[in-house]
Amino acid sequence: MAVYNPKSLKAEEFINDGEILETLKYAEENKNNRELINEILNKARPYKKGNGVECQGLTHREASVLLACEIPEVIEEIYKIAEEIKLAFYGNRIVMFAPLYLSNYCVNGCVYCPYHLKNKTIPRKKLTQEEVRREVIALQDMGHKRLAIESGEDPVNNPIEYILECIKTIYSVHHKNGDIRRVNVNIAATTVENYRKLKEAGIGTYILFQETYHKESYLKLHPTGPKHDYDYHTEAMDRAMEGGIDDVGLGVLFGLELYKYEFAGLIMHAEHLEAVHGVGPHTISVPRIKRASDIDPTVFDNSIPDETFLKIIACIRLAVPYTGMIISTRESEEVRAKSLKVGISQVSGASRTSVGGYTEEQREHDTEQFDVSDQRTLDEVVRWLMETGHIPSFCTACYREGRTGDRFMSLCKTGQILNCCHPNALMTLTEYLVDYASDDTKKVGYSLIETELDKIPKEKVRAIAEENIKEIKNSNRRDFRF
């Protein structure tokens with residue numbers, strides 16, 4: 001029997017079933033232990049250290065106790081602390097991105113995904129480089145600067161060479177004042193050599209969802225194809241790190257397995273990365289299974305209500321305080337709004353989950369991976385965020401200035417967000433307003449920027465940001481950054 005060891009490189013040791021079951025038992029036994037719960041809450045709170053703010057985070061056992069607790073006032077306190085942590089490290093900035101689906105050819109048999117090999121109802125499509133270029137122009141014309149590319153796993157149709165060629169094409173497109181400045185990659189687990197190639201291609205974050213940490217369920221849900229190999233999939237982030245990618249993004253697909261099990265596994269994976277590589281996940285995503293071609297989410301009996309979903313987000317924020325947290329347009333406007341208060345720091349806008357979806361004339365989206373709940377335009381999402389007191393950020397400066405991995409975490413922990421990320425967010429928001437926004441959005445945005453500039457602590461930084469914003473408004477100069 002495998003023994004739990006967060007420093008091990010073996011999947012069954014750092015995501016250990018016995019340890020998860022013991023954790024869930026411990027959490028259930030202590031979910032009403034107010035003395036222990038108060039200790040855990042106090043440990044989770046952000047505290048001042050020098051000029052910055054720090055957090056201890058929580059272990060998977062401590063966080064699981066909070067997730068199991070059903071005492072209303074404790075849940076309210078969890079939400080309150082989650083908001084404090086998010087504001088301490090990310091401020092009121094919300095990073096904007098969009099997915100770009102390159103190909104839905106796939107050799108796997110994942111039973112929850114419409115791309116599975118046996119689905120004969122979905123049209124198969126793979127973008128040519130010219131089609132990639134047109135999709136990128138469409139995204140630039142909306143105002144996007146950051147993409148997450150997605151592709152099915154198919155060594156014949158979607159080899160690593162195709163992915164690399166697409167990345168090169170994306171970075172090469174300069175349309176009007178538009179540029180894609182950061183390409184994050186969400187493709188199947190691969191080799192150290194291929195991760196090195198992705199790093200050399202200039203990717204931002206490598207994202208891979210575990211789907212489920214429960215091995216028995218994982219094998220049933222992935223009955224055929226290379227993804228069936230649980231260990232190879234679960235150990236992918238270690239290979240990515242070995243290949244030089246120090247920004248990696250975790251996630252599970254909530255609804256496939258019991259959420260408390262998934263939650264514990266997810267936090268354990270974050271602990272493993274910290275223990276082995278000295279830096280935790282750059283991002284954690286929280287997708288829930290949704291309806292799609294050939295997929296009925298009601299078949300999976302582990303679905304979770306919105307209230308539980310928000311509690312999961314808040315508890316992740318307490319456990320892994322420095323990570324960016326992502327929510328997609330799978331979720332409704334209402335759920336996305338509530339999630340921003342309890343930990344989410346990145347949202348997608350105007351997403352299309354079909355191959356070629358941004359240039360489809362008929363808008364049938366018959367190659368969608370899942371249904372999109374939030375159908376608003378990017379302009380509407382940007383205005384909504386600003387009207388609720390957030391700064392939509394199109395910033396990619398940290399990645400391009402080499403502030404990745406532990407260097408980004410250091411920036412976060414030393415409280416320099418307001419002197420670095422905050423002005424960068426305001427400058428990229430100005431770009432968006434000048435180049436793409438509607439008149440109503442411009443009016444809201446310029447007023448917000450004027451107010452937010454005053455929050456930059458360093459006078460010199462504030463003065464430079466103000467000057468750069470004037471330059472953006474009065475010329476075609478773009479891409480100022482700290």
Side-chain angles (χ1 to χ4, degrees), residues 6-11 14-15 57 60 89-90 95 97 99 146-151 153 160 163-164 167 182-213 227 230-253 262 265-287 316-317 319-328 343-346 348 396 398-400 402-413:
K7 293 187 177 181
S8 171
L9 294 177
K10 293 181 179 180
F14 67 80
I15 304 294
H60 58 276
F89 298 117
Y90 288 92
V95 172
F97 76 97
R146 177 190 299 240
L147 302 183
I149 60 173
E150 320 264 351
S151 174
E153 183 172 11
I160 190 67
I163 302 298
L164 295 170
I167 294 169
R182 177 171 178 138
V183 177
N184 297 333
V185 175
N186 184 355
I187 63 169
T190 187
T191 63
V192 173
E193 180 186 359
N194 285 345
Y195 286 125
R196 284 202 183 96
K197 290 177 180 177
L198 289 170
K199 177 66 175 178
E200 289 165 6
I203 74 162
T205 305
Y206 172 66
I207 303 161
L208 183 68
F209 298 160
Q210 180 62 28
E211 319 300 4
T212 175
Y213 284 101
K227 197 169 178 176
Y230 173 88
D231 291 355
Y232 188 77
H233 186 86
T234 311
E235 294 161 6
M237 293 309 185
D238 296 294
R239 294 193 301 279
M241 292 277 197
E242 188 181 340
I245 300 173
D246 52 4
D247 278 1
V248 299
L250 304 179
V252 294
L253 184 53
E262 304 291 29
L266 183 62
I267 304 306
M268 287 167 74
H269 204 164
E271 291 171 341
H272 162 71
L273 295 177
E274 185 80 47
V276 175
H277 305 285
V279 59
H282 186 70
T283 60
I284 292 178
S285 299
V286 286
I316 292 172
R317 175 53 71 202
V320 197
Y322 305 113
T323 194
M325 288 191 67
I326 302 174
I327 196 166
S328 76
I344 294 298
S345 58
Q346 293 190 28
S348 53
T396 58
C398 283
Y399 147 70
R400 290 150 77 227
R403 295 190 293 260
T404 59
D406 56 359
R407 292 171 296 288
F408 173 78
M409 293 302 172
S410 176
L411 177 78
C412 198
K413 293 176 184 180

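Just so it is clear, the structure is predicted and the values come from calculations on it, not from any experiment.
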Peer 1: Show the nearest heavy-atom pair for residues Glu150 and Pro99, with the distance to one decimal.
Peer 2: OE2-CB, 4.0 Å
Peer 1: So, applying side chain to side chain contact (heavy atoms under 4.5 Å, CB included) with Pro281, which one of Thr323, Thr205, Ile207 is it?
Peer 2: Thr323
Peer 1: Where is the tightest heavy-atom contact between Ser8 and Val276, given as atom of each residue plus distance?
Peer 2: O-CG2, 4.4 Å
Peer 1: Please report the C-alpha distance between Asp238 and His277 in whole Å, then the side-chain angles of each, then the deciding distance to 0.1 Å, and finally whether the side-chain contact (heavy atoms from CB on, under 4.5 Å) criterion is met.
Peer 2: CA-CA 8 Å; Asp238 296 294; His277 305 285; 2.7 Å; yes
Peer 1: What residues, two or more places apart in sequence or in another chain, satisfy ring pair (Phe, Tyr, Trp, His ring centres under 6.0 Å) together with His282?
Peer 2: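 So His282 forms a ring pair (Phe, Tyr, Trp, His ring centres under 6.0 Å) with Phe408.
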Peer 1: Heavy atoms only: give me the nearest Ala11-Glu235 pair and the separation to one decimal.
Peer 2: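 Taking Ala11 first and Glu235 second, the nearest heavy atoms are N-OE2, 2.9 Å.
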Peer 1: To the nearest 0.5 Å, what is the distance between CD on Glu271 and CG on Leu266?
Peer 2: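 Spacing of CD (Glu271) from CG (Leu266) equals 10.0 Å.
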Peer 1: Any heavy-atom pair between the side chains of His272 and Ile15 that's under 4.5 Å?
Peer 2: no
Peer 1: Yes or no on side-chain contact (heavy atoms from CB on, under 4.5 Å) for Thr234 and Gln210, after CA distance, side-chain angles and deciding distance?
Peer 2: CA-CA 7 Å; Thr234 311; Gln210 180 62 28; 2.9 Å; yes
Peer 1: What is the distance from atom CD1 of Ile316 to atom CD1 of Ile284, rounded to the nearest 0.5 Å?
Peer 2: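 Those atoms lie 5.5 Å apart.
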Peer 1: Give a yes or no on whether the backbone of Glu242 and the side-chain of Tyr195 come within a donor-acceptor separation of less than 3.5 Å.
Peer 2: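 No, because the side chain of Tyr195 does not come within donor-acceptor range (under 3.5 Å) of the backbone of Glu242.
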Peer 1: Answer yes when Lys197 and Glu193 have at least one side-chain N-carboxylate O distance shorter than 4.0 Å, and no when they do not.
Peer 2: yes
Peer 1: Nearest heavy-atom pair of Ile187 and Tyr206: which atoms, and what distance?
Peer 2: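 Scanning both residues completely, I find the closest heavy atoms to be O-OH, 2.8 Å.
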Peer 1: Give me the atom names and distance for the closest heavy-atom approach of Lys199 to Gly243.
Peer 2: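 Scanning both residues, the minimum pair turns out to be CB-O, 4.0 Å.
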Peer 1: With Phe97, which residues qualify under ring pair (Phe, Tyr, Trp, His ring centres under 6.0 Å), at least two apart?
Peer 2: none
Peer 1: Would you give the length of the straight line joining atom CG of Leu147 to atom CZ of Arg182, rounded to the nearest 0.5 angstrom?
Peer 2: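 The CZ atom of Arg182 is 11.5 Å from CG of Leu147, to the nearest 0.5 Å.
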Peer 1: Please name the pair of heavy atoms, one in Arg239 and one in Ala189, separated by the smallest distance, quoted to 0.1 Å.
Peer 2: NH2-CB, 3.7 Å
Peer 1: Working to the nearest 0.5 Å, report the span between CD1 of Ile149 and CG of Leu198.
Peer 2: 7.5 Å
Peer 1: Counting N and O atoms only, with roles assigned by atom type, does the side chain of Glu274 sit under 3.5 Å from a partner on the main chain of Gly280, one being a donor and the other an acceptor?
Peer 2: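 Yes; at least one donor-acceptor contact below 3.5 Å.
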Peer 1: Please examine the side chains of Lys227 and Glu211, heavy atoms only from C-beta on, and report whether any two atoms are closer than 4.5 Å.
Peer 2: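 Side chain of Glu211 against side chain of Lys227, heavy atoms only: contact under 4.5 Å found.
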Peer 1: Kindly indicate, with the supporting measurements, whether the criterion side-chain contact (heavy atoms from CB on, under 4.5 Å) is fulfilled by Ile160 and Thr191.
Peer 2: CA-CA 10 Å; Ile160 190 67; Thr191 63; over 6 Å; no
Peer 1: State, yes or no, whether a side-chain contact exists between Asn184 and Thr283 at a heavy-atom distance under 4.5 Å.
Peer 2: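 The answer is no, as the side chains (C-beta and beyond) never meet within the 4.5 Å cut-off.
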Peer 1: Within this structure, what is the CD1-CG distance for the pair Ile163 and Asn194, rounded to the nearest 0.5 Å?
Peer 2: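 It comes to 10.5 Å.
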Peer 1: In this structure, which one of His60, His269, His233 forms a ring-ring contact (aromatic ring centres under 6.0 Å, His included) with Tyr213?
Peer 2: His269
Peer 1: Nearest 0.5 Å, what's the CG-SG distance between Asp247 and Cys398?
Peer 2: 9.0 Å
